[in-house]
Amino acid sequence: MPTRFFNTYSRQLEEFRPIDPAGKRVKLYTCGPTVYNFAHIGNFRAYVFEDLLQRHLEARGFEVERVMNLTDVDDKTIRGCRQLGVRLADFTQKFKDAFFEDLGTLRVKRAQHFPAATDYVAQMIEMIRVLVEKDIAYQAEDKSLYFRLSKFPEYGKLAHLNLDELRPSGRITSDEYEKENVGDFALWKAWDEDDGDVKWDSPWGPGRPGWHIECSAMATALLGPEIDIHCGGVDNIFPHHEAEIAQSESVTGKKFVNCWLHCAHLMVEGQKMSKSAGNFYTLRDLLEKGWTGREIRYALITVNYRLPLNFTFDGLAAARSALGRIDEWVARVADRAGSAILPDDMPTDFATGIEAFFTDLDEDLNISGAMGRLFDLIRDTNRALDSGEINAGIAAAILEGWKRINSVLALEREAHTPSPEVLAHTEQRQVARANKLWAESDRLRDAIAAHGWIVKDTKEGPKLTPKQ
RNA sequence: GGCGGAGUAGCCAAGUGGGAAGGCCGAGGUCUGCAAAACCUCUACGAGUGGGUUCGACUCCCACCUCCGCCUCCA
């Protein structure tokens, strides 16, 4: 069964085929953060979705070359560094570092390239130069350079907007009067006083690149003129991705992107996330409230990317419970597998269940379906474990299946090893229990708990589980 | 006004022209010194509303209602 994705461009499910003639390498470009603040969970929804995409493609045998850019120069970063009176690079570095730390917390696999816009200004200038040469870019009275939309009739096709029908909104303000056409977007912004010392030299005078050209330049510089998949949030479709297409294709003459994937917005407790509504959360805010990275990952990843995601604390609690169930199951299967290294053949029901996890993801990353398969597998194997139908070899095979599934989900609990002290307490407690010294047993249980472990008495003896 | 997305149990949510997945919560049970945990079982005669097509509609068509997004630098 082929992998299919919903291409924003065609608004249809399309079979995925890489440009690579060998059908192996996949070029993936994902719009990254603007590093002017800590990223919020809405941002991370997109990055977690892209991570699921990358991991699933890899599980399907593709070699993914991914680029995620860092926008480290734009209006907001400039405003931020000016307010603090620090250099732009110093201002953004703090948020770059935080961003990578957050990606780690959410177990997002690292892209091969994290280009920073400020390292690619030369490439941006070169692209603009070509556009000027082709008479597609022009310099306006304000010294800035703009993209001449009349030269790119395709503009609007991704968003399915008819430019002639665009309703003038309040967001088109009067300061755009220098442009030939209100829709023409900036390629190069001429320096002005508000920019402080943030400026680069160019053939058209000092200034800085426009936002859209940043992505075009970094994408084509690192991945070449043709990209398999380009991702972002739905709000990037217009105008950002539309502009990327216009710029890149005007320069290279090639189809910029084969497949566009956009994830829907995230809401918090049914409301649009906003600072004024008091429901604006960075990842750090949630960690402070005691939630873990993988719980947040679970909550973000388990709703299909094309659906608006309502992020709630109930949802986080549900994620915690569901993860606990998975953890118990993994521990139980691993326990039964023991030291068995060579897996036996699984009963076919289990094997098909594991495969179904992946085939569900093949259909536009149907994560809900796939999670259903996983929980079916969990229930079925738990039942079989209860009735003693699973030997060590079969357990080892199931465990292998889980490892494959987890290579996509990245939701397995971190390995914890109990300290010698905890182990000693556990042993002493067994002695106390054998002698029916219940008070002593309970005291030791509390002592173990104080070290962060929960001891459970099972038929096979005491089991230690880390708290959380 | 234009374009697009979505309404399925208390919450999240999947698939499907013919038996309504799965998760969380809840109830019952098994286990247990107790507890906790875990595991098992159960939980929508009904799919925003009203029509239509059909032997049969949650699924297809039409209308309406509600919510959400984009409409020129928000993931």
Side-chain angles (χ1 to χ4, degrees), chain A residues 8 11 30-34 39-50 71 74-76 149 155-156 159-169 171-173 176 179 181-186 189 210-212 214 231-240 242-243 262-267 270 272-273 298-299 302-304 306-312 314-329 331-332 360 363 366-376 378-379 382-383 385-387 433 436-438 441-442 445 449 454-459 463 465:
Chain A
T8 306
R11 304 278 157 100
T30 56
C31 282
T34 301
H40 58 71
I41 51 173
N43 302 124
F44 283 114
R45 194 231 174 148
Y47 309 140
V48 165
F49 138 64
E50 291 151 2
T71 299
D74 78 324
D75 292 347
K76 285 176 294 207
L149 276 190
Y155 191 80
H160 294 225
L161 287 176
N162 183 342
L163 292 184
D164 301 333
E165 292 173 1
L166 280 191
R167 177 204 208 183
S169 81
R171 291 173 71 175
I172 302 178
T173 49
E176 314 276 21
K179 297 191 287 189
N181 182 305
V182 282
D184 292 355
F185 55 86
K189 294 189 158 194
W211 180 43
H212 309 308
E214 295 185 2
C231 299
V234 283
D235 46 351
N236 273 159
I237 296 173
F238 192 91
H240 184 53
E242 207 70 72
H262 292 99
C263 76
H265 266 101
L266 172 142
M267 319 242 290
K272 188 171 179 176
M273 184 165 64
Y298 186 101
T302 51
V303 173
N304 180 266
R306 286 207 286 136
L307 257 39
L309 168 62
N310 188 14
F311 190 87
T312 63
D314 279 354
L316 279 175
R320 178 170 286 176
S321 298
L323 283 168
R325 177 122 182 263
I326 294 172
D327 294 345
E328 281 297 332
W329 170 73
R332 200 175 169 198
D360 276 357
E363 194 69 353
N366 178 2
I367 187 68
S368 301
M371 292 306 285
R373 306 295 192 165
L374 172 61
F375 282 105
D376 283 343
I378 289 176
R379 192 194 53 245
N382 272 330
R383 238 188 317 226
L385 283 162
D386 281 347
S387 59
R433 293 183 72 232
K436 299 194 189 295
L437 300 171
W438 307 130
S441 163
D442 290 348
R445 179 161 60 201
I454 294 165
V455 62
K456 298 175 199 169
D457 302 316
T458 72
K459 270 184 240 168
K463 290 261 168 68
T465 333

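Sequence lines set the chain letters: A, B, ... in the order given, protein chains first and strands last, and positions in each chain run from 1.
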Does a distance-only test, which skips hydrogens and angles, find a donor-acceptor pair under 3.5 Å between the side chain of A:S441 and the base of B:G33? yes

Spacing of A:I237 atom CD1 relative to B:C70 atom P, expressed in whole Å: 10 Å

Quantified in whole Å, what is the C1' atom distance between nucleotide B:G19 and nucleotide B:C45? 12 Å

Listed partners of A:H240 passing ring-ring contact (aromatic ring centres under 6.0 Å, His included), at least two apart: A:W211, A:H212

Checking all strands, does A:G42 fall into the base, sugar-phosphate, or nothing category for heavy-atom contacts under 4.0 angstrom? base

Stacking here means centres under 5.5 Å and planes under 30°; does A:W438 stack on B:G33? yes

Please work out if A:H265 contacts a base, only the sugar-phosphate, or nothing of the nucleic acid, heavy-atom cut-off 4.0 Å. base

Interatomic distance where CE belongs to A:M371 and P belongs to B:G15 [whole Å]: 15 Å

Using atom CZ of A:R433 as one end and atom C1' of B:C31 as the other, report the distance to the nearest whole Å. 12 Å

Pairing residues for A:R379 by the salt bridge (Lys or Arg N to Asp or Glu O under 4.0 Å) criterion, not counting sequence neighbours: A:D376

Which part of the nucleic acid does A:F375 contact within heavy-atom distance under 4.0 Å: base, sugar-phosphate only, or nothing? sugar-phosphate

Using Watson-Crick or G-U wobble geometry with both distances under 3.5 Å, which nucleotide pairs with B:A38? B:U30

Could I get the full list of ring-ring contact (aromatic ring centres under 6.0 Å, His included) partners for A:F44, not counting sequence neighbours? A:Y47

With respect to the side chain of A:M267, which nucleotide from B:G23, B:C70, B:C68 is positioned closest? B:C68

Select base, sugar-phosphate, or nothing to describe what A:H40 touches, counting heavy atoms under 4.0 Å on all strands. base

Sticking with atom C1', work out how far B:G28 lies from B:U43, rounded to a whole angstrom. 11 Å

Is there, by distance only and without an angle test, a donor paired with an acceptor across the side chain of A:D376 and the base of B:G23 below 3.5 Å? no

Does the A:R45 side chain pair with the main chain of A:A264, one donor and one acceptor, at a distance under 3.5 Å? yes

Categorize A:R11 for me: base, sugar-phosphate, or nothing, with a 4.0 angstrom heavy-atom threshold over every strand shown. sugar-phosphate

Rounded P spacing from B:A20 to B:U53 in Å: 24 Å

Residues that A:R373 engages under salt bridge (Lys or Arg N to Asp or Glu O under 4.0 Å), provided they are two or more places apart: A:D360

Without decimals, in angstroms, what is the distance between A:D360 CG and B:A14 P? 12 Å

In the 5'-to-3' direction, what one-character label does each nucleotide of nucleotides 37-43 of chain B receive under the scheme B = base within less than 4.0 Å of a protein heavy atom, S = sugar-phosphate only, - = no such atom? SSSSS--

In sequence, state the C-alpha distance, the side-chain angles, and the governing distance for A:K76 and A:T71, and then conclude on side chain to side chain contact (heavy atoms under 4.5 Å, CB included). CA-CA 10 Å; A:K76 285 176 294 207; A:T71 299; over 6 Å; no

So how far is it from A:R332 CZ to A:I378 CD1, rounded to the nearest 0.5 Å? 11.5 Å

Donor-acceptor pair, side chain of A:E242 and main chain of A:G156, under 3.5 angstrom: yes

Taking the C1' atom of each, how far is B:C3 from B:G17, in whole Å? 30 Å

Using a heavy-atom cut-off of under 4.0 Å over every strand shown, decide if A:L385 touches base, sugar-phosphate, or nothing. nothing

When you compare B:C70 with B:A27, how far apart are their C1' atoms, in angstrom units rounded to a whole number? 45 Å

Under a 3.5 Å cut-off for both distances, is B:G69 Watson-Crick or wobble paired, and to whom? B:C3

Atom-pair distance (CG on A:L374; P on B:G23), nearest Å: 10 Å

In whole angstroms, how far is the C1' atom of B:C24 from the CG atom of A:L316? 12 Å

Please report the distance separating the P of B:G7 from the corresponding atom of B:C12, rounded so that it comes out in whole Å. 12 Å

Return the 5'-most residue of the pair A:L266, A:F185 with respect to RNA chain B, ranking by each residue's nearest nucleotide. A:F185

Any A:N366 side-chain N or O less than 4.0 Å from OP1/OP2 of B:G15: yes

Spacing between A:L309 atom CG and B:G23 atom P, to the nearest angstrom: 20 Å

Between A:R383 and A:D386, is the closest basic N to carboxylate O distance under 4.0 Å? no

Determine the interatomic distance between C1' on B:U8 and the same-named atom on B:C67; round to the nearest Å. 16 Å

Identified pairing partner of B:A21, criterion: Watson-Crick or G-U wobble below 3.5 Å: none

In whole Å, I'd like the distance from the CG atom of A:N310 to the C1' atom of B:G69. 15 Å

Taking salt bridge (Lys or Arg N to Asp or Glu O under 4.0 Å) as the definition, give me every residue that meets it alongside A:E50, ordered by chain and number, with sequence neighbours left out. A:R66

Quick one: which of B:A35, B:U72, B:C74 gets closest to the side chain of A:R445? B:A35

Taking any heavy-atom pair under 4.0 Å as a contact, classify A:D314: base, sugar-phosphate, or nothing. nothing

Nearest to side-chain heavy atoms of A:F238, which nucleotide of B:C24, B:C74, B:C71: B:C71

Among B:A14, B:C74, B:C12, which is the nearest nucleotide to the side chain of A:N304? B:A14

Between A:A46 and A:T312, which is nearer to the 5' end of RNA chain B once each is assigned its nearest nucleotide? A:T312

